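Take a look at the structure below.
We name chains A, B, ... by the order of the sequence lines, and we start the count at 1 in each one. Bear in mind that the values here come from a model prediction, so they are computed numbers and not experimental data. Only heavy atoms go into these numbers, but all of them, side chains included; no hydrogens, no water, no symmetry mates.
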There are 2 protein chains.
Amino acid sequence: MTSASPSGRRTGRPRSAEADRAILDATRAALVELGWGKLTLGDVASRAGVAKTTLYRRWAGKSELVVDAVAALFDEHLELPDRGGLQADIEGVVLQFAALLERPETKTALMAVVAESTRDDALRARIRSAIVDRQKTLVLLGRERAQARGELPHESDPGAADRNADLIFDVIAGTVLHRTLVSAESVDAEWARSFAALVVGGLASVGTLP
Amino acid sequence: MTSASPSGRRTGRPRSAEADRAILDATRAALVELGWGKLTLGDVASRAGVAKTTLYRRWAGKSELVVDAVAALFDEHLELPDRGGLQADIEGVVLQFAALLERPETKTALMAVVAESTRDDALRARIRSAIVDRQKTLVLLGRERAQARGELPHESDPGAADRNADLIFDVIAGTVLHRTLVSAESVDAEWARSFAALVVGGLASVGTLP
DNA sequence: GCTCTTTCGCTACGAGTCGTAGCGTAACTG
DNA sequence: CAGTTACGCTACGACTCGTAGCGAAAGAGC
């Protein structure tokens, strides 16, 4: 056992941060060109100018690597600018999420890793913390703003509030996902407006429930 | 060139229908035990008591085979019993779809083939006709019934009617899919009630739009 | 019955991928 | 400078892929 140290490993050659960048970039490029199915770790390694063994030292397998590569895109491109109203905020996040899902990297990768995660709890946890939870944050932020504006009531029961937030999150993320990847139709401003109107209308009626 | 005949192929040894059943059964069994990722066609063949070459004569690859194997489940387990009201009908179809998605075969297979289909138009078309379009039929049937009951207006603009049906379909199927496979939480009667209430409430407000 | 056609099970194959092991070298710490 | 860890490289057995070739089986048409 090595003695505990302030921050992680203490001695020896440090892992190259540049290699990390190169690998994740190469992964995204390979996803674009080959898609999830034909992507191989050997190919990613050679694209990144890195030995295949280096890849296996850092990631357990294809799924974990791709999750990290895609998660970086979510970090960069998801935010919730305040558009002044609940419906406009929903439209905004819908358009952002859709734009992300229409990229070839995420299109082919996201469903694939979720499919793998149905039989791999560790992978599911990784997806959750790296991608899903960050999306859900936007929903919570949107609710806060709407409550501050008086568009939504402050819920008294915290359990019900959590369940409602989860529901809205599944509705928004799930619908955009299905529209983009299953129905394979694009999300334009008009569709986003119709969908956001439906969600807001539904929220109003659910809010009046016991 | 063989002369045209009333129905497909005319001569030679016919394909064994029993082999088809055995192969699709074996595929579902292999999906349960191994999941999409570790399922191999060689394994399916030996489970079915069939030569691997027979498999390749009938299906182009793993994706096509799995689509057919899963589509059979959708055919068997999706219907729309008339529960007497729009919200109750939605609850019913949500619970049915969720029950289907909670089966280990469909859980691991559906997202995987959709992921593959993002780079394969023929596969996407197969999924659409074998699975998606049959689900969408339920939405159209539910709307008809609701209109007959007077719960929904008869839409005058057919284009807008189509767009609304597509929207509702993406909302229902997408939300249940996301709840089940991404959030990985079960769909119980209470959740179905909340979600159906949100959809019905949203429909009411969208119906009052220009 | 006989022939023709297609499918069947079986075996075998080259190509490609996987994930790991071993080795000598590079980089950083104390 | 000694200790430790990461690196690139090579090589490997195991596995899967999809296909080819063969003789036998199962119907259709005459």
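DNA chain C contains the following stems of three or more consecutive Watson-Crick or G-U pairs, with both distances under 3.5 Å: C:1-30 with D:1-30.
Counting any heavy atom pair closer than 4.0 Å across all strands shown, B/Ser16 reaches sugar-phosphate atoms only and no base atom.
Annotation: ring pair (Phe, Tyr, Trp, His ring centres under 6.0 Å) contacts involving residues 53-85 of chain A, sequence neighbours excluded, are absent. Residue pairs meeting the ring pair (Phe, Tyr, Trp, His ring centres under 6.0 Å) criterion with at least one member in residues 100-148 of chain A: none, sequence neighbours excluded. Among residues at least two apart or in separate chains, salt bridge (Lys or Arg N to Asp or Glu O under 4.0 Å) pairs with a member in residues 39-51 of chain A are A/Glu33-A/Arg47, A/Asp43-A/Arg47. Sorted by first then second residue, the salt bridge (Lys or Arg N to Asp or Glu O under 4.0 Å) pairs that include residues 73-82 of chain B, not counting sequence neighbours, are B/Asp75-B/Arg134, B/Asp82-B/Arg145, B/Asp82-B/Arg149.
Remark: the B/Lys52 side chain and the D/dG18 base include a donor-acceptor N/O pair separated by less than 3.5 Å.
A salt bridge does not link A/Glu102 to A/Arg179: none of the charged side-chain nitrogens sits closer than 4.0 Å to a carboxylate oxygen.
Closest non-hydrogen pair, A/Ser117 versus A/Val114, comes out as OG-O, 2.7 Å.
When each of A/Ala51 and B/Gly61 is assigned the nucleotide of DNA chain D bearing its nearest heavy atom, the one mapping closer to the 5' terminus is A/Ala51.
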Please output the side-chain donor-acceptor pairs of residues 169-176 of chain B that fall under 3.5 Å, not counting sequence neighbours, one pair per line with the distance.
unit_1   : atom_1 : unit_2   : atom_2 : d
B/Asp170 : OD1    : A/His178 : ND1    : 2.8
B/Asp170 : OD1    : A/Ser183 : OG     : 2.7
B/Thr175 : OG1    : B/Val171 : O      : 2.5

Enumerate donor-acceptor pairs with a distance under 3.5 Å from any side-chain N or O in residues 17-26 of chain B to protein atoms, sequence neighbours excluded.
unit_1  : atom_1 : unit_2  : atom_2 : d
B/Asp20 : OD1    : B/Arg58 : NH1    : 2.1
B/Asp25 : OD1    : B/Arg28 : NH2    : 2.7

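For the pair A/Lys62 and A/Trp36, the cation-pi test (distance below 6.0 Å, angle within 45°) is passed.
Taking a 4.0 Å limit (strictly below) on heavy-atom distances, residues 17-43 of chain A reaches DNA chain C at A/Thr40, A/Leu41, A/Gly42. Shown for residues 108-124 of chain B: no residue has heavy atoms falling under 4.0 angstrom of DNA chain C.
The side chain of B/Thr53 places no N or O atom within less than 4.0 Å of a non-bridging phosphate oxygen (OP1 or OP2) of D/dG18. In terms of phosphate contacts, A/Arg57 brings no side-chain nitrogen or oxygen within less than 4.0 Å of OP1 or OP2 of D/dA6.
Here CD of A/Gln135 is found 9.5 Å from OG1 of A/Thr137. Values are rounded to the nearest 0.5 Å.
Residues that satisfy the salt bridge (charged side-chain N to carboxylate O under 4.0 Å, His left out) test with B/Asp121, not counting sequence neighbours, are B/Arg124. Shown here are the salt bridge (charged side-chain N to carboxylate O under 4.0 Å, His left out) partners of A/Glu64, two or more places apart in sequence or in another chain: there are none.
Among the nucleotides D/dG8, D/dC17, D/dA6, the one closest to any side-chain atom of B/Tyr56 is D/dC17.
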Output a table of nitrogen or oxygen pairs between the protein and nucleotides 27-29 of chain C separated by less than 3.5 Å.
unit_1 : atom_1 : unit_2  : atom_2 : d
C/dA27 : O4'    : A/Arg13 : NE     : 3.3

